[in-house]
Amino acid sequence: QVQLVESGGGLVQAGGSLRLSCAASGRAFGNYAMGWFRQAPGKEREFVAAISWSGGDTTYDDSVKGRFTIDRDDARSMVFLQMNRLEPEDTAPYYCAADYLPWTVQTNPAKWDFWGQGTQVTVSS
């Protein structure tokens with residue numbers, strides 16, 4: 001199993017940037033695909049980005065593609081989400097998630113094994 005703790009959220013003006021971090025504790029971090037999800041008020045939890053256990057493949061929701069970048073550092077057992085050109089619609093708590101040795105990276109949050117507590121991102125217009 002793995003425990004996840006997010007940080008880096010905050011309040012930023014539209015067009016600004018934030019970098020979210022997720023620190024993992026547990027064995028075999030390199031065997032987990034890692035992802036980021038968000039859940040705006042009144043909406044379902046939605047997929048944002050994911051990176052494979054190998055780090056060779058990344059997947060993004062269309063709404064953030066070209067603006068957000070997911071990266072991982074297995075030596076530090078961390079995953080990051082660099083968010084650029086933020087929009088008010090990006091406002092939500094953001095959660096990191098881990099999936100152990102997935103055959104295929106999933107965008108459905110129900111398919112992910114472990115979750116962090118969330119970090120709030122607020123983008124003002």
Side-chain angles (χ1 to χ4, degrees):
Q1 64 177 7
V2 61
Q3 293 77 47
L4 307 173
V5 179
E6 305 98 329
S7 63
L11 193 156
V12 65
Q13 293 183 340
S17 298
L18 285 172
R19 183 172 174 83
L20 305 184
S21 300
C22 179
S25 61
R27 300 185 67 179
F29 175 77
N31 289 340
Y32 291 85
M34 300 297 299
W36 288 95
F37 295 76
R38 64 190 181 189
Q39 188 168 7
K43 299 181 67 177
E44 299 289 320
R45 186 165 296 190
E46 65 179 352
F47 173 79
V48 176
I51 186 166
S52 66
W53 62 266
S54 68
D57 296 311
T58 57
T59 306
Y60 299 92
D61 183 77
D62 287 343
S63 67
V64 305
K65 193 171 186 178
R67 299 189 297 120
F68 292 9
T69 302
I70 188 170
D71 192 23
R72 65 188 297 156
D73 184 345
D74 287 356
R76 299 170 59 196
S77 296
M78 296 188 73
V79 63
F80 308 95
L81 185 68
Q82 179 66 47
M83 305 185 294
N84 298 324
R85 292 181 283 123
L86 283 160
E87 304 168 353
E89 293 74 20
D90 297 319
T91 295
Y94 281 68
Y95 303 87
C96 65
D99 189 9
Y100 185 71
L101 290 177
W103 192 278
T104 303
V105 172
Q106 302 289 330
T107 60
N108 183 353
K111 300 297 185 180
W112 291 74
D113 298 323
F114 305 102
W115 294 87
Q117 83 292 340
T119 184
Q120 177 69 39
V121 171
T122 302
V123 184
S124 62
S125 60

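Residues: numbered from 1 along the sequence shown.
Taking the side chain as every heavy atom from C-beta outward, Val48 and Asp61 never approach each other to under 4.5 Å. Side-chain contact check for Gln82 versus Asp71: every heavy-atom pair is 4.5 Å or farther apart. For the pair Gln3/Val5, no side-chain contact is recorded, criterion being any heavy-atom separation below 4.5 Å from C-beta on.
The main-chain N or O of Ile51 is never found under 3.5 Å from a side-chain atom of Thr58 such that the two would form a donor-acceptor pair. Listed for the Glu6 side chain is a donor-acceptor partner under 3.5 Å among the backbone atoms of Gln117. The backbone N or O of Asp57 sits less than 3.5 Å from a side-chain atom of Ser52, completing a donor-acceptor pair.
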| query | Can you check side-chain contact (heavy atoms from CB on, under 4.5 Å) on Phe37 and Phe47, steps first, answer last? | reply | CA-CA 5 Å; Phe37 295 76; Phe47 173 79; 3.8 Å; yes

| From CA spacing to verdict: side-chain contact (heavy atoms from CB on, under 4.5 Å), Met83, Val64 | CA-CA 8 Å; Met83 305 185 294; Val64 305; over 6 Å; no

| task | Would you sort out whether Cys22 and Val79 count as a side-chain contact (heavy atoms from CB on, under 4.5 Å), showing the intermediate values? | result | CA-CA 5 Å; Cys22 179; Val79 63; 3.4 Å; yes

| request: Could you check Trp36 against Phe68 for side-chain contact (heavy atoms from CB on, under 4.5 Å), going step by step and ending with a plain yes or no? | output: CA-CA 11 Å; Trp36 288 95; Phe68 292 9; over 6 Å; no

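In this structure Lys111 satisfies the side-chain contact (heavy atoms from CB on, under 4.5 Å) test together with Gln106, Asn108, sequence neighbours excluded.
Taken together through direct or relayed side-chain contacts under 4.5 Å among Ile, Leu, Val, Met, Phe, Trp and Tyr, Tyr32 and Met78 form parts of separate hydrophobic clusters. Cluster membership for Phe114 and Ile70, using ILVMFWY side-chain heavy atoms within less than 4.5 angstrom, is shared.
Across all non-hydrogen atoms, the minimal contact from Ser124 to Leu11 is OG-CD2, 4.4 Å. In terms of heavy atoms, Trp53 sits closest to Arg72 at CA-NH1, 3.5 Å. Residues Pro88 and Ser125 share a closest heavy-atom pair of CG-CB, 3.8 Å. Nearest approach of Ala50 to Val105, heavy atoms of both residues: CB-CG1, 3.5 Å. Between Val2 and Ala24, the shortest heavy-atom distance links the atoms CG2-CB, 3.6 Å. Ala49 and Leu81 get closest at one heavy-atom pair: CB-CD1, 4.1 Å.
A cation-pi arrangement is absent between Arg45 and Trp112, since the terminal nitrogen or guanidinium carbon is not both under 6.0 Å from the aromatic centre and inside a 45° cone about the axis. Judged by a 6.0 Å distance limit and a 45° cone about the ring axis, Arg67 is not positioned over the six-membered ring of Tyr60.
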Anything under 3.5 Å between a donor and an acceptor, one on a side chain of residues 93-101, the other on a protein residue two or more places apart or in another chain? List them.
| unit_1 | atom_1 | unit_2 | atom_2 | d |
| --- | --- | --- | --- | --- |
| Tyr94 | OH | Arg38 | NH1 | 2.8 |
| Tyr94 | OH | Asp90 | O | 2.7 |

